[in-house]
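What follows is a set of notes on a single structure, which appears directly below.
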Number of protein chains: 2
Amino acid sequence: MQRPTIKTIAQETGLSIATVSKALKHSPQVRPETRAIVIEAATRVGYELNMHGVQLRTGKTYQVAAIMTAPGPKQNEWEGVEYAQLLSGISWALEDSPYRVSLYAVRNFEESQAVIKQIVSLKKADGIIISGTRADDPRIRTMQAADFPFVTYGTSIHNAPHAYVDADNEQMIRVSMARLVERGHRRIALLNPLSELSYGITRLEAYKRALEVAGLPYDPALVAHGRLTPAFGRENVLTMSELSNAPTAYICANEASALGAFSGFHERGLVHGRDAVINATDDLNVSQYFAPPITTYYLPISEPSSLLGAYILRRMEGEPPEALQTLLMPNLIERCDDRLNPNR
Amino acid sequence: MQRPTIKTIAQETGLSIATVSKALKHSPQVRPETRAIVIEAATRVGYELNMHGVQLRTGKTYQVAAIMTAPGPKQNEWEGVEYAQLLSGISWALEDSPYRVSLYAVRNFEESQAVIKQIVSLKKADGIIISGTRADDPRIRTMQAADFPFVTYGTSIHNAPHAYVDADNEQMIRVSMARLVERGHRRIALLNPLSELSYGITRLEAYKRALEVAGLPYDPALVAHGRLTPAFGRENVLTMSELSNAPTAYICANEASALGAFSGFHERGLVHGRDAVINATDDLNVSQYFAPPITTYYLPISEPSSLLGAYILRRMEGEPPEALQTLLMPNLIERCDDRLNPNR
DNA sequence: ATGCACGATAAAAACGTTTAACTTTCTTGT
DNA sequence: ACAAGAAAGTTAAACGTTTTTATCGTGCAT
């Protein structure tokens, strides 16, 4: 017993396969009564569309490529863990569509560039979702040049307008700096992502501007750029806390680096709240379990991820990218008062 | 300028498309010289196999479905983060094959059952990788009944033999219990995954056996089953530490629950090493950044994940499942001496 | 020489769908 | 009453492969 095709339905109803095909996709060329007959037969025989036929005929793949940059297998650091939730969010957003998420794990930026070129030139997917955008991102240029639908998690700075979703890093840094300054802090450290990443730049600029507004000097020794691992947070606390003029507050770009910062505190015998405080951006709501729980700017990762899914669908439908740009402001969750300790 | 097909090569070489097809797949029916001509023409015109044609003709999808159970979007807990690494490991293992990882995110067990039935009956993939196996897993029965290639991350107990990869939970619990007992602990808590999961059962049995060997009584109040979130670890420490006869050691099934256990320590004013100790299973090498770092049984998730990829490939080639079963013993990483504090 | 097997290639069909082009029937306005 | 046009359906081709079957020389034994 073979799987039924439109041919089966055609025989069953006495119609031609063309009519069946049209009926199933609600073409106005077929009468409602005829369509009803076709639908009835289809459900009766348990018909399911065979995508391979469609794909060959139309050239569409019904795949959305998710490019996931994760460090190589030997690299045992807690990094990129939020990808799991990101991917599931995207997958759920595509649930009611015929599209599937196809995973492309790459080790670094160069590999992601190569993979994207391949997907675009060989049409291995109908849309692409990338993250880790740079100020001037060559992958974006590749996709734009080929007029290929894509959405980025993260903004770019020098590229032509495109669809994106991102946290509102500028506002977040502005708000968090103002809050810390208001609480008496004068030496605030910024643990930032890799400097080539677009949001690293955005955050740094916002940081500098906030210092200016507060009338505080900019000290490069209080800014670090790197892969946002616990090791990164730890090492920077270890070095910065040894400065003659050590920071009294650390702003960490994610929860992994914040965890590492805590590890640095422990190593140096620093006590959170007494010697310095840590604030962080949090995607996974894990900072509430730190000891002590810290103040975070929390953006549940399900929000950007479902937007990414929705946007790539709309982009593939042909919607212009300008309509598909969103900055999400994370929620401030105050778990400490974070005031500067006057007798530290 | 269209993308070249085998027809292009046929015209280019004067051969028939049949011969070109055979030459490209190294059929013995075609002479080496002819094959050379074909290969040359193929590279010259930049030919790439069009999978849609292959898929329609052969019925193969060249997709490996990875079923990822993640809590729904509203559920903001740190859970399942190791999936990111798991997926990238699988993806890399398939890198040199024509197969791609297709992601199926599901919210719960029932959904995963439904999704698998669909994949199997509609042949939406050539192989499936699942995790979170149960003692008697209906999904495994579904796939076995349809003779569908699959590999599980986690063993089963009552199912017929199948391909799997898992940590050696039995040995791990035996070793860690012996080590804690040797260090003077008499009240050891077990923070276990959901009781219906196969490895939850394995761990519990091993735990009971270890108690028996050590001549210690089994106390159900020291065993908890649940979703391995930080909240779970925290809550159980909060309740267990209030027992008249509180545990002096906690064995946590993953790093998320261990983090939560620390949060519980902090809340109760317990000090690690003085009042009790925490040991954990760690996939992501994150426990080293806890304050203090704790002793873990560390299995870099890249190992099982690349095995999963390798096994599903071999399974799809027809290799019998019995040859594709591996238990991996995690490495003990001692970061504390974990001795029972006599004057606690 | 004749027939036969064999090796190498060609021809053709098939996988399941969409869609351009065509046919038939029915409406409608004059 | 009749041409024009719309409505509804059919025919046939096409997408790019693989694979079964057919064809055609060529070398070999008889």
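Within every chain, numbering begins at 1; the chains are lettered A, B, ... in the order of the sequence lines, protein sequences first and strands thereafter.
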Apply side-chain hydrogen bond (donor to acceptor under 3.5 Å, both in side chains) to A:Y83 and A:S131, showing your working. CA-CA 10 Å; A:Y83 261 108; A:S131 59; 2.4 Å; yes

A:Q29 CD to C:dT23 P, straight-line distance once rounded to whole Å: 16 Å

For the residue pair A:S156 / A:R134, report whether a side-chain donor-acceptor contact shorter than 3.5 Å exists. no

Run the side-chain hydrogen bond (donor to acceptor under 3.5 Å, both in side chains) check on B:T152 and B:T133 step by step: do they pass? CA-CA 7 Å; B:T152 63; B:T133 45; 5.2 Å; no

For Watson-Crick and G-U wobble pairs within 3.5 Å on both distances, what is DNA chain C written in dot-bracket notation, | included for inter-strand pairing? ||||||||||||||||||||||||||||||

Which residues, if any, of residues 115-128 of chain B bring a heavy atom under 4.0 Å of DNA chain D? none

Side chain to side chain donor-acceptor pair (under 3.5 Å) involving A:S91 - partner list, sequence neighbours excluded: none

For B:T69, which residues count as a side chain to side chain donor-acceptor pair (under 3.5 Å) partner, sequence neighbours excluded? none

B:Q11 CD to C:dA10 C1', straight-line distance once rounded to whole Å: 15 Å

Would you please name every residue forming a side-chain contact (heavy atoms from CB on, under 4.5 Å) with B:R141, sequence neighbours left out? B:D136, B:P138, B:N159

Smallest heavy-atom separation, B:G309 atom then B:A93 atom, equals CA-CB, 3.6 Å

Please list residues of residues 17-28 of chain B whose heavy atoms come under 4.0 Å from any atom in DNA chain C, ordered by number; otherwise none. B:A18, B:T19, B:K22

So, A:E111 and A:R107, do they make that salt bridge, N to O below 4.0 Å? yes

Is it the case that the side chains of A:T326 and A:Y311 hold a donor-acceptor pair, with the cut-off being a distance below 3.5 Å and no angle test? yes

Qualifying residues under side-chain contact (heavy atoms from CB on, under 4.5 Å), relative to A:Q118, sequence neighbours excluded: A:L122, A:K124

Can you name the one residue among A:T19, A:V38, A:L15, A:I17 that meets side-chain contact (heavy atoms from CB on, under 4.5 Å) with A:I6? A:I17

For A:E33, what residues pass the side chain to side chain donor-acceptor pair (under 3.5 Å) criterion, not counting sequence neighbours? A:R31

Tell me, which of residues 43-61 of chain B have any heavy atom that sits under 4.0 Å from an atom in DNA chain C? B:L56, B:R57

Interface limits on DNA chain D, where chain A has a heavy atom under 4.0 Å of a nucleotide atom: D:dA8 to D:dG16

Looking only at heavy atoms, what is the nearest atom pair of A:I9 and A:A41, with distance? CG2-CB, 4.0 Å

Please collect all ring-ring contact (aromatic ring centres under 6.0 Å, His included) contacts where either partner lies in residues 118-145 of chain B, sequence neighbours excluded, each pair once. none

Going by the rule side-chain contact (heavy atoms from CB on, under 4.5 Å), which residues pair with A:E110 if we only count those two or more places apart in sequence or in a different chain? A:N108

